Asks: 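Sending over a structure as structure tokens; questions will come in a sec.
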Amino acid sequence: MAQSLKLPATARERGKIAPAYIAHLVFKTPQLDRMVDWWCTVLEAEPAIRNDELAFLTFDEEHHRIAIVGTPLLAPRPKAVRGLDHVAFTYGSLGDLLATYRRLKSLGIEPVWATNHGPTTSLYYDDPDGNTAELQIENFDSAEAMLEWASTKDFSDNPIGVDFDPEALLARFEAGESEAELKRRRVIGKRSVASIPTAVLGRLHKFLATLAALSGT
């Protein structure tokens with residue numbers, strides 16, 4: 001039987017001082033204009049500050065959520081290295097997420113991976129430098145409900161997700177199928193990191209993950 005899960009006490013509940021919220025992300029790039037255009041397009045952001053060296057982008061009340069700094073002569077970052085994997089942005093509804101998918105597709109921006117993780121339904125996009133943005137919705141109405149599901153064998157067998165076709169999901173949504181049904185993850189059995197698409201992992205990481213899965217490490 002899977003172990004029951006629960007949220008840890010907050011830092012405040014533990015008598016600790018912690019940040020109020022995550023403020024912003026910063027990227028450095030040799031192609032400032034392309035990166036600014038991409039992030040503004042994907043997040044419907046606008047520059048609060050923009051010059052020849054940097055841009056501060058925002059889509060809400062914060063003065064900037066994304067900062068992009070122009071830095072010449074930087075080398076590309078291969079996927080098979082340690083470090084931050086991706087950043088995620090949560091939408092208010094499945095309809096909002098699918099409307100964003102349709103808008104971006106019309107502009108030639110398509111996801112490199114679409115998967116229902118269980119806790120979230122997620123679309124992954126790569127920016128011009130290869131940084132990955134996850135656009136997602138929460139599949140459960142509360143953290144407690146998500147953790148209850150994560151205590152099941154389905155999640156222990158498959159912590160990765162169940163891939164889906166965004167066009168098929170959009171068609172089902174427009175046909176009037178309930179959001180609850182569309183967010184429900186199918187049971188497909190065991191799945192490992194090695195099954196994540198090459199476009200997400202990169203060829204070397206995919207190869208190494210496959211070797212690890214075969215060797216049981």
Side-chain angles (χ1 to χ4, degrees), residues 1-9 77-91 93-98 100-101 104-105 109-127 130-175 177-217:
M1 180 180 295
Q3 181 181 3
S4 179
L5 302 174
K6 66 177 182 178
L7 283 176
R77 183 174 68 89
K79 288 185 177 290
V81 295
R82 298 183 186 187
L84 181 68
D85 183 77
H86 67 273
V87 295
F89 300 87
T90 299
Y91 285 77
S93 68
L94 180 59
D96 286 351
L97 181 66
L98 291 173
T100 299
Y101 160 76
L104 294 178
K105 183 177 180 181
I109 300 174
E110 299 199 45
V112 295
W113 189 27
T115 196
N116 184 326
H117 288 298
T120 65
T121 296
S122 302
L123 301 171
Y124 290 81
Y125 294 84
D126 280 354
D127 76 8
N131 305 298
T132 302
E134 177 185 4
L135 309 186
Q136 66 172 38
I137 56 163
E138 295 289 341
N139 287 341
F140 292 91
D141 293 333
S142 68
E144 291 75 18
M146 185 279 287
L147 290 172
E148 181 179 356
W149 174 82
S151 301
T152 66
K153 186 175 184 296
D154 182 21
F155 184 69
S156 61
D157 281 349
N158 174 16
I160 306 302
V162 177
D163 297 352
F164 65 89
D165 176 0
E167 285 293 322
L169 189 67
L170 178 59
R172 291 170 61 195
F173 176 80
E174 292 184 331
E177 195 166 339
S178 73
E179 187 164 322
E181 183 61 32
L182 294 173
K183 294 191 296 187
R184 183 173 293 113
R185 196 179 89 165
R186 294 182 294 110
V187 177
I188 63 170
K190 292 183 179 295
R191 185 178 185 187
S192 71
V193 171
S195 68
I196 296 175
T198 303
V200 179
L201 287 184
R203 292 186 182 278
L204 178 58
H205 190 188
K206 177 83 169 180
F207 174 70
L208 295 175
T210 301
L211 285 181
L214 291 173
S215 64
T217 59

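Nothing here was measured: the structure is a model prediction, and the numbers come from that model. All residue numbers refer to positions in the sequence shown, counting from 1.
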Asks: Ignoring hydrogens and geometry, is there a side-chain-to-backbone donor-acceptor pair from Thr120 to Ile137 under 3.5 Å?
Replies: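 No.
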Asks: For Asp163 and Arg191, what are the C-alpha separation, side-chain angles and deciding distance, and is it a side chain to side chain contact (heavy atoms under 4.5 Å, CB included)?
Replies: CA-CA 11 Å; Asp163 297 352; Arg191 185 178 185 187; 2.9 Å; yes
Asks: Kindly indicate whether the side chain of Trp113, heavy atoms from C-beta on, has any atom under 4.5 Å from the side chain of Thr132.
Replies: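 The answer is no; the side chains never approach within 4.5 Å.
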Asks: How many angstroms lie between CG in Asn158 and CD1 in Ile188, if you round to the nearest 0.5 Å?
Replies: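 Spacing of CG (Asn158) from CD1 (Ile188) equals 4.5 Å.
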Asks: So, for Ala133 and Phe89, which heavy atoms are closest and what is the spacing to 0.1 Å?
Replies: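 Heavy atoms of Ala133 and Phe89 come nearest at CB-CE1, 4.4 Å.
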Asks: Going by the salt bridge (Lys or Arg N to Asp or Glu O under 4.0 Å) test, which pairs reach into residues 135-150, not counting sequence neighbours?
Replies: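 Counting only pairs at least two positions apart or across chains, no salt bridge (Lys or Arg N to Asp or Glu O under 4.0 Å) contact touches residues 135-150.
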Asks: For the atom pair OG1 (Thr152) and CG (Leu147), what is the distance rounded to the nearest 0.5 Å?
Replies: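 Atom-to-atom, Thr152:OG1 and Leu147:CG are 11.5 Å apart.
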Asks: Does Ile160 offer a backbone N or O that forms a donor-acceptor pair with the side chain of His117 under 3.5 Å?
Replies: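 Flag set: sc His117 to bb Ile160 pair under 3.5 Å.
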Asks: Hey, could you give me the CZ/OG1 distance between Arg203 and Thr198, rounded to the nearest 0.5 Å?
Replies: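 Result: 6.0 Å between the selected atoms.
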Asks: On a heavy-atom basis, which atom in Val200 and which in Lys79 lie closest, and how many Å separate them?
Replies: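 Taking Val200 first and Lys79 second, the nearest heavy atoms are O-CD, 3.2 Å.
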Asks: Indicate every side-chain donor-acceptor pair of residues 165-173 with a distance under 3.5 Å to a residue at least two apart or in another chain.
Replies:
unit_1	atom_1	unit_2	atom_2	d
Asp165	OD1	Glu167	N	3.0
Glu167	OE2	Tyr101	OH	2.7
Glu167	OE2	Lys105	NZ	3.0
Arg172	NE	Glu177	OE1	3.0
Arg172	NH2	Glu177	OE2	2.7

Asks: Minimum heavy-atom separation for Pro111 and Tyr125, please, with both atom names.
Replies: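 Closest heavy-atom pair between Pro111 and Tyr125: N-CE2, 3.3 Å.
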Asks: Considering non-hydrogen atoms only, spot the tightest contact between Gln136 and Ala88 and give its length.
Replies: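 Gln136 and Ala88 have their closest heavy atoms at OE1-CB, 4.0 Å.
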Asks: Which atoms form the tightest heavy-atom contact between Ala199 and Asp126, and what is the distance?
Replies: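 Closest approach of Ala199 to Asp126, heavy atoms only: O-OD2, 4.0 Å.
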Asks: So, for Val162 and Arg185, which heavy atoms are closest and what is the spacing to 0.1 Å?
Replies: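 Closest approach of Val162 to Arg185, heavy atoms only: CG2-CG, 3.5 Å.
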Asks: Strictly distance-based, threshold 3.5 Å: is any side-chain N or O of Ser151 a donor or acceptor partner for the main-chain N or O of Leu5?
Replies: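 Such a contact is found between Ser151 side chain and Leu5 backbone.
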Asks: Using the side chain to side chain donor-acceptor pair (under 3.5 Å) criterion, which residues pair with Asn116? Sequence neighbours excluded.
Replies: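 In terms of side chain to side chain donor-acceptor pair (under 3.5 Å), with neighbours along the sequence ignored, Asn116 is linked to Asn139.
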